[in-house]
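Only heavy atoms go into these numbers, but all of them, side chains included; no hydrogens, no water, no symmetry mates. Naming: A, B, ... by sequence-line order, numbering from 1 per chain.
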Amino acid sequence: INMTISCLCKEGKLGEACSLFDEMGKRGLSPNLVTFNTLISGHCKKGQISDAYKLLTVMVEQGICPNIVSYSALINGHCKEGRLEEACKLFEEMKGRGVIPDGVIFTTLIDAHSKVGTIEAALNLHDEMLKQGIKLDVVAYNALVHGLCRAGKLKEVKRFLDLMVKTGLVPDKITYTILVDGFCKEGNLEKALEMRNKMVMRGMKMDNVCYTALITGLSRQGKVADAHNMLHEMLKAGFMPD
RNA sequence: AGCCGGUGGCCCC
């Protein structure tokens, strides 16, 4: 039944998922943690964050303790709706309930701060992760690196890339795309192309996202011919522009 | 066992 609710949520049929949930209640079936988490996530993805929070309240009333996943979904939902302050409050609430934050939650918050430009806060969260002995993974670094790129701190980025490698992590396609895009937006096309080459040399395939970043970068710098060539390469590689 | 949470381009805004 959780699978069914999950499928409905993924198809965007939140209403049907909720009916099923209500039906469960009427038949005396009790939803479990995963049922609630699935619905919380479903509501959040539709931007219905206050309903999502209500579900959290309901589960508590029913004696089910929200876990890290419940809060992750809820906090991410708030972040995506631009309610970072409330997301932070939820983070505190969560910790108050004795739920130990993990890397995913931190990454969610780091990403949110990066996006609104409070990169300092993102960096503080990074420090806190280290202090708490939570290992950063590639996703966490990508969020940080992206934030630094957006803040124009391309120099700082290097430090984190080194740190990342030192930790034994391997930058992935997304890391490189962030860097390609970051250098493009900074107007440093040479570096951008260098990143692309590195990416390909390390066995990662270019995809349409990375191509689009490069092509728009080139064309915005007036390098129309290069942009055209790149577009050709992209088409030859079998990607359709979108 | 399975089902629920985090990161990339353009476009839209």
- Roughly how far, to the nearest 0.5 Å, is CG of A:N142 from CG of A:D137? 8.5 Å

- Please give, in whole Å, the distance from B:A1 P to A:N2 CG? 15 Å

- Query: Taking CZ from A:R196 and C1' from B:G9, how many angstroms apart are they, rounded to a whole number?
  - Reply: 15 Å

- Message: Nearest to the side chain of A:T216, heavy atoms from C-beta on, is which of B:C3, B:C10, B:G5?
- Response: B:C10

- The nucleotide from B:G8, B:C4, B:G6 with an atom nearest the side chain of A:V69 is B:C4

- Note on the structure: Taken to the nearest whole Å, OH/A:Y53 to P/B:G5 is 21 Å

- With a non-hydrogen cut-off below 4.0 angstrom, is A:D137 in contact with a base, only sugar-phosphate, or nothing? base

- Provide, to the nearest angstrom, the distance between the CE atom belonging to A:M204 and the C1' atom belonging to B:G8. 13 Å

- d(CD1, A:I110; P, B:G5) in whole Å: 20 Å

- Looking at B:C10, B:G8, B:C4, which one has an atom nearest to any side-chain atom of A:H146? B:G8

- Item | Parallel, tilted or perpendicular: rings of A:F239 and A:Y211 (30°, 60°) | tilted

- Item | Atom-pair distance (CE on A:M3; C1' on B:A1), nearest Å | 12 Å

- Hey, does A:R150 reach any base, or is it just sugar-phosphate, or nothing, if we go heavy atoms under 4.0 Å? nothing

- Message: Taking atom CD as the centre, does A:E85 end up with more than 12 heavy-atom neighbours from other residues, nucleotides or ligands that are less than 6.0 angstrom away?
- Response: no

- Item | Nearest-nucleotide pick for A:N142, side chain only, options being B:G6, B:U7, B:C4 | B:U7

- Task: Indicate, with a heavy-atom threshold strictly under 4.0 Å, whether A:T212 touches base, sugar-phosphate, or nothing.
- Result: base

- Message: Strictly distance-based, threshold 3.5 Å: is any side-chain N or O of A:K185 a donor or acceptor partner for the main-chain N or O of A:R150?
- Response: no

- Query: Is any side-chain nitrogen or oxygen of A:K10 closer than 4.0 Å to OP1 or OP2 of B:G5?
  - Reply: no

- Note on the structure: Rounded to whole Å, CG of A:N37 lies from P of B:G2 at a distance of 16 Å

- Task: Indicate, with a heavy-atom threshold strictly under 4.0 Å, whether A:T177 touches base, sugar-phosphate, or nothing.
- Result: base

- Query: Going by atom types only, do A:K45 and A:S41 share a side-chain donor-acceptor pair under 3.5 Å?
  - Reply: yes

- Item | Whether A:D102 side chain and A:I105 backbone form a donor-acceptor pair below 3.5 Å | yes

- Query: Closest to the A:K80 side chain: B:C4, B:G6, B:G8?
  - Reply: B:G6

- Task: Look at the side chain of A:R220 and decide which nucleotide, out of B:C4, B:U7, B:C11, has an atom nearest to it.
- Result: B:C11

- Query: What about A:D207, does its side chain sit under 3.5 Å from the base of B:G8 through a donor-acceptor pair?
  - Reply: yes

- Query: Could one point to a donor on the side chain of A:D102 or the base of B:G5 with an acceptor on the other under 3.5 Å away?
  - Reply: yes

- Query: Using a cut-off of 4.0 Å on non-hydrogen atoms, how would the nucleic acid contact of A:I68 be classed: base, sugar-phosphate, or nothing?
  - Reply: base

- Just how far, in rounded Å, is P of B:G5 from CG of A:L90? 17 Å

- Would you classify A:G103 as touching base, sugar-phosphate or nothing, given that sugar-phosphate means primed atoms plus P, OP1 and OP2, and contacts are heavy atoms under 4.0 Å? base

- Which nucleotide in the set B:G8, B:G9, B:G5 lies at the smallest distance from any side-chain heavy atom of A:K115? B:G8

